[in-house]
Amino acid sequence: MKISKEKYMPWLLVLPAMIIIFGFTLYPLFYAIYYSTRNTDLKVAEDAFIGIDNYRRLLNYDSELAEAVVRTLIYLAGCLVIQIPLGFAVALLLNRDFKGRRVARTIITLPLAAAPIAIGQVWRYMYHYEFGIIKYLCSLIFGSSPNWTADPNWAMLAIIIYDSWQWTPFVALVLLAGLQSLPPEPYESATIYGATTLQKFRYITLPKMRGLIGFVALFRLIDLVKTWDPIMAITWGGPGRATELLSWYLYRVGFYYFWVGYASAISLLFLYSVIVLSTVFIKKIAKY
Amino acid sequence: MSEEKPKRKISPSLIVAVIIIVVLLATLVYYATLPPAPPTVTTVVMPTTTVVTTVAPPTTPPPVEKKVTWATIAGFYTDWAEQVSKNFTAKTGIKVEVIPIDYSVLYEKQMIELAGKTGAFDIVTVESMCLSEWAAAGWLEPLDEYIKRTPPEEIMYDDILEHFRWILTWGGHCYGLPYYTYDQGIFYRKDLFEREDIKEMYRKWAGHELKEPGPDMTWDEMVKIAEFFDEVVPDDIMPYGIGLMAGPVESNDEWMAIMWGLGGDHFDKDYNIIVNSTESVRAMEIYMKLLKHAPPGALASSYDEVVAQMQHGLIPMTGPFYLDQWPNIVKTEKLIPGAKMGINAPVMGRGYIGCFALSIDAASKRKDYAWEFLKWLAGPEGQYSFAVGGGSTCRRSVLLNPRFDPEKNPATYPYTAHYKYLVQIDDILRRELPDWQKPYRVFKIPKACSFYLESKITIGAIAAGQATPKGGLDHLALAYATILGWGYPVPSMKPPSWWKPPPD
């Protein structure tokens, strides 16, 4: 039987990509599923099948994990609440015609180019209670300053502020691209009908940008769930456990204790959570 | 006229696809056909401990290159490491590749290579708390045979401070030689403790004489002195009472020093978990009291920040503090006119006993070369040169060498004035600890490093007010039991019948 070129050619062309996807994405995923059913502990060479015990443990008995999930949700909410409106505001500002607009656009991209671990160390010293510039500025403006990284009530906010500083420009740039692609006609009509700037924003800009805002929020959400670098650089999960997010907890289980089995179960929970959150988001975005 | 047949063209994307497939397949075939590595380690898995028998391979092919790789700490130590490596290479012809790794990830990076038996590092840098874990897993080469076949004057094993020999021995075998210690003692502003007006102030306030901190002092007395400096001494002389590294990295070392001083421990003689005992809780309460008199950033402070606080005249004394920091802390004398630094063994004679040791990776293919370097660096000659460079050595003969005694050789004062206190700590521990605590049980259990990391987080959480001392330490005890796998889902504080204690 002769197989026509049209039949095998597409498969042949996608084969390299499939091999790469299988090797670097699906294989580790299946491997993680396999290990999540075992009590693998690299330190004592334990490795036995334990069924769903790891899942039972993480869902029923691991109070530290539950606390890390709650902290992660607070962190996600905090970052998104700051970054999306602020990013949108910056995008609106940069969309206006003013002198030095090009320079301003370039400057706001700088935080994106900084290596998180290196710049995180800088922020650690900026937050420092004895000689940090943030403490100095707070004292200058408000008369006193919180103990940013040493006070468990403020440490999470310190991380949120750092992340917002680094990633709000990304939100702003994406939304700026969206604003620049909006057609001018609706605005011209609105102007003829006497609409105010606020009305144009409320009834034209915002509805047209909703899809893109959702899209950028989804991107940030996926990225925020994985936050690890600033924790490593600024607080090490502390003080105490105040900034121990899910990713840091996973790192602790996997790379401090080397409980590979349990860490795999947590990472899968991590993956499922991101998939569920993303699906909900995508469905919402699809409406627009 | 007949129609000309179109010329057959080969698509460029097809060529690229074929090339990629061929390369991928060739790579797969190459790795699939590689012969398996000869087995060098036989591992017998037991419930919690792993008994390891090392079997020499039948024939070891001679290494191609006369070189060893050494994973060590980046930064403060790297320059020294590279210099001594050059000296060693000049002497022996064996090249040393120094692989500097940031201390914050040193443990994970080395462990991944050790667990994977890659042999990427011939020599690894082991923290005293992690040795049992790595030795029990069979990742480290026992050094007994190497020591036996080396002329005694080259290695002088008994010259190593005894408390490090306890820690670096597991199951009756030596697995590492120490080359750097950061045993804890205490630093204080001697000039302030000797000032007549301050002494008079203290006498009036406390009703007794102001003593300089040291092993004959109790922790209650330390709290009182910290309170005095913080609340009684005017701020222009001294704003705070004590410097503590209560951040997420070292707070547990400070708490452990107080706990051991009060007679507490992580495990008792029979390996029951007693990390939440009355003494431990009391140690934590004392730590919290001290924290009230520390600078406000203490909860985020590390050892380097405490050094900076001392250098800026913010604190009159440290808590339990790493004595290897003497060369940094003594700079206070230059930075603050009239300042004079004091050193002593830790309060109540107990501090964290810590060292970096050198061990040979069991998967190393150049063990003999590795031993040559290891014995030289940790041996009398290497340690002498280390001391000349201001390093904190672990050898008694070097620590007591008149050349490094500031009274006989004042030029060494900024580098080695802490040496005699390291010897004093060794003497105190040898004299005062019962045999079963030589070393403390926690160092022997092959999960010690996990306990250490867990205690770091818990002590930080208690210090930050996220848990009470009792509640937090009960949680820590449960975490220890969970790490040991003592019962599921509710862990037990007593060793279960199947659990075998580590070999003596």
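Every chain is numbered from 1 and lettered A, B, ... according to where its sequence line falls, protein lines coming before strand lines.
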> Quick one: does A:T243's side chain get under 4.5 Å of A:Y75's, heavy atoms only?
no
> Without swapping roles, check the side chain of A:N54 against the backbone of A:A265 for a donor-acceptor pair under 3.5 Å.
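No.
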> Does the pair A:D62 and A:Y249 meet the rule for a side-chain contact (heavy atoms from CB on, under 4.5 Å), with working shown?
CA-CA 11 Å; A:D62 195 341; A:Y249 182 70; 2.5 Å; yes
> For a side-chain hydrogen bond (donor to acceptor under 3.5 Å, both in side chains) check, start with the C-alpha distance between A:R220 and A:Q83, then their side-chain angles and the critical distance, and finish with the verdict.
CA-CA 9 Å; A:R220 287 304 302 131; A:Q83 290 172 24; 2.9 Å; yes
> Test your reading of the model: is there a side-chain donor-acceptor pair from B:W170 to the backbone of B:K444, 3.5 Å cut-off?
yes
> Taking 4.5 Å as the heavy-atom cut-off, does anything in residues 149-167 of chain A contact chain B, and if so which residues?
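Listed by number, the contacting residues are A:T149, A:A150, A:P152.
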> Taking A:T37 for its side chain and A:Y34 for its backbone only, find out whether a donor-acceptor pair lies under 3.5 Å.
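Between the backbone of A:Y34 and the side chain of A:T37 there is a qualifying donor-acceptor contact (under 3.5 Å).
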> Looking at A:E244, is its backbone amide N or carbonyl O close enough to the side chain of A:R71 to form a donor-acceptor pair, meaning the two atoms are under 3.5 Å apart?
yes
> Please determine whether the number of non-hydrogen atoms from other residues, nucleotides or ligands lying under 6.0 Å from atom CD1 of A:I133 exceeds 12.
no
> Who among A:G237, A:A17, A:P239 has the most heavy-atom pairs with chain B under 4.5 Å?
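Looking at each of A:G237, A:A17, A:P239 in turn, A:P239 comes out on top.
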> Under 4.5 Å, counting heavy-atom pairs only, tell me which of B:Y452, B:W134, B:Y107 racks up the most with chain A.
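Ranked by heavy-atom pairs under 4.5 Å with chain A, first place is B:Y107.
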> At a heavy-atom separation under 4.5 Å, does B:A463 approach chain A through its side chain, its backbone, both, or neither?
neither
> Which bit of B:E108 comes within less than 4.5 Å of chain A, counting heavy atoms only: side chain, backbone, both or neither?
both
> Only counting residues at least two apart or in another chain, list the ones meeting side-chain hydrogen bond (donor to acceptor under 3.5 Å, both in side chains) with B:Q110.
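Testing B:Q110 for side-chain hydrogen bond (donor to acceptor under 3.5 Å, both in side chains), a comparison that skips the adjacent residues, returns none.
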> Tabulate, in ascending numerical order, the residues of residues 113-127 of chain A having at least one heavy atom closer than 4.5 Å to a heavy atom of chain B, or enter 'none'.
A:R124, A:Y125
> Test side-chain contact (heavy atoms from CB on, under 4.5 Å) on A:Y61 and A:R56 and set out the steps.
CA-CA 8 Å; A:Y61 302 111; A:R56 277 180 58 207; 4.2 Å; yes
> Quick check on B:H312 against chain A: is it the side chain, the backbone, both or neither that has a heavy atom closer than 4.5 Å?
neither
> Say whether, by atom type as modelled, one donor and one acceptor occur between the side chain of B:E250 and the main chain of B:Y303 under 3.5 angstrom.
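It does hold such a pair.
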> Report yes or no: does A:T72 contribute a side-chain atom to a donor-acceptor pair with the main-chain N or O of A:L246 at less than 3.5 Å?
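Between the backbone of A:L246 and the side chain of A:T72 there is a qualifying donor-acceptor contact (under 3.5 Å).
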> Looking only at atom types and distance, does a side-chain atom of B:S301 sit under 3.5 Å from a main-chain N or O of B:A246, one as donor and one as acceptor?
no
> Does any backbone or side-chain atom of A:Y251 lie under 4.5 Å from a heavy atom of chain B? Answer side chain, backbone, both or neither.
side chain
> Which residues from residues 227-236 of chain A are near chain B, with near meaning under 4.5 Å between non-hydrogen atoms?
A:M232, A:T235, A:W236
> Hey, mind stepping through B:I457 and B:N252 against side-chain contact (heavy atoms from CB on, under 4.5 Å) and telling me if it holds?
CA-CA 8 Å; B:I457 296 163; B:N252 57 337; over 6 Å; no
> For the aromatic rings, using the six-membered ring if either is Trp, is the centroid distance between A:Y35 and A:Y31 under 6.0 Å?
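Aromatic pair counts; centres sit under 6.0 Å.
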> Tell me if a side-chain donor or acceptor on B:T458 pairs with a main-chain N or O of B:S455 at a distance below 3.5 Å.
no
> Would you mind checking which part of B:S251 comes under 4.5 Å of any heavy atom in chain A, side chain (CB onward), backbone (N, CA, C, O), both or neither?
neither
> Tell me, for B:L314 versus chain A, whether the close heavy atoms (under 4.5 Å) come from the side chain, the backbone, both or neither.
side chain
> Of all of A:F255, A:Y256, A:W259, A:W148, which one pairs up most often with chain B through heavy atoms under 4.5 Å apart?
A:Y256
> Go through B:L131 and B:L140 one step at a time and tell me if the side-chain contact (heavy atoms from CB on, under 4.5 Å) criterion holds.
CA-CA 9 Å; B:L131 186 118; B:L140 303 180; 4.2 Å; yes
> Quick one: sort the B:W486 and B:W499 rings into parallel, tilted or perpendicular, breaks at 30° and 60°.
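B:W486 and B:W499: perpendicular rings.
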> Measure B:E454 against the heavy atoms of chain A and call it side chain, backbone, both or neither at under 4.5 Å.
both
